[in-house]
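As the structure is a computational prediction, the values presented were derived from the model and not from experiment.
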Amino acid sequence: MSQTSFSRGSLALALALAFAAPATAQQIPRMDPAHCKGQPEIKPLQPLEIATSKGAARFMVEFADTDRTREYGLMCRRALAADRGMLFDFKTPVDGAAFWMRNTLIPLDIIYIKPDGTVLSIARNVPALDESPVPAGGRIRAVLELASGRAAQLGILPGDRIVHRIFPRG
């Protein structure tokens, strides 16, 4: 997804993730969904919690913190469990980030997270394979991808707090 790519992917930074795949994903060719080859699940999974007005929502997430893992993200996955996700860590604040869904076979909710660990914005129900850039709308440190519809089911809103080791404790 990127217009700049980093990637679910880092950086060249108009990230458009295809996995929303990141910007460097422009180097990853479009693949036939029947023969799509992504990356294996990134292990070990890490705990992540979202503190919402409805209570805490807990997930086990894959942690994408290298250019390659961010670039490939959730490309070619055929399913994402309701209690799973992928956290893309850019390590430093990023401006102008945008994700896209190249080779991403499942619709997703894309949650953009500020450097302090609060939710900046949420792109809900982003369609599979849609390469339209989905901009964050501000400065972020990370992106969380969840199964489509989970943000609404759990009442996740901008301003909610993400609890994960990369964010300061609030």
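The hydrophobic clustering, which links ILVMFWY residues whose side-chain heavy atoms are closer than 4.5 Å, places Ile111 and Met101 apart. A single hydrophobic cluster is seen to contain both Leu74 and Phe90, as judged by linkage of ILVMFWY side chains at heavy-atom distances under 4.5 Å, directly or through other members. Note on Met86: it does not cluster hydrophobically with Leu146, by side-chain heavy-atom contacts below 4.5 Å among ILVMFWY residues.
A salt bridge is absent between Arg102 and Glu71: the closest approach of a Lys/Arg side-chain nitrogen to an acidic carboxylate oxygen does not fall below 4.0 angstrom. Electrostatic pairing of Glu131 and Arg30 counts as a salt bridge here, judged by a charged N lying under 4.0 Å from a carboxylate O. Taking 4.0 Å as the cut-off between side-chain N and carboxylate O, Asp83 and Arg58 do not count as a salt-bridged pair.
A donor atom on one side chain and an acceptor atom on the other are not found under 3.5 Å apart for Thr52 and Asp160.
With sequence neighbours excluded, no residue forms a salt bridge (charged side-chain N to carboxylate O under 4.0 Å, His left out) with Arg150. Ala136 meets the side-chain contact (heavy atoms from CB on, under 4.5 Å) test with Ala97, Tyr112, Leu120, Ile140; sequence neighbours excluded. Under the ring pair (Phe, Tyr, Trp, His ring centres under 6.0 Å) criterion, Phe63 pairs with His164, not counting sequence neighbours.
The heavy-atom pair separating Ala147 from Asp109 by the smallest distance is O-OD2, 3.6 Å.
Under the 3.5 Å distance criterion, the side-chain polar atoms of Gln39 are matched with a main-chain donor or acceptor of Thr69.
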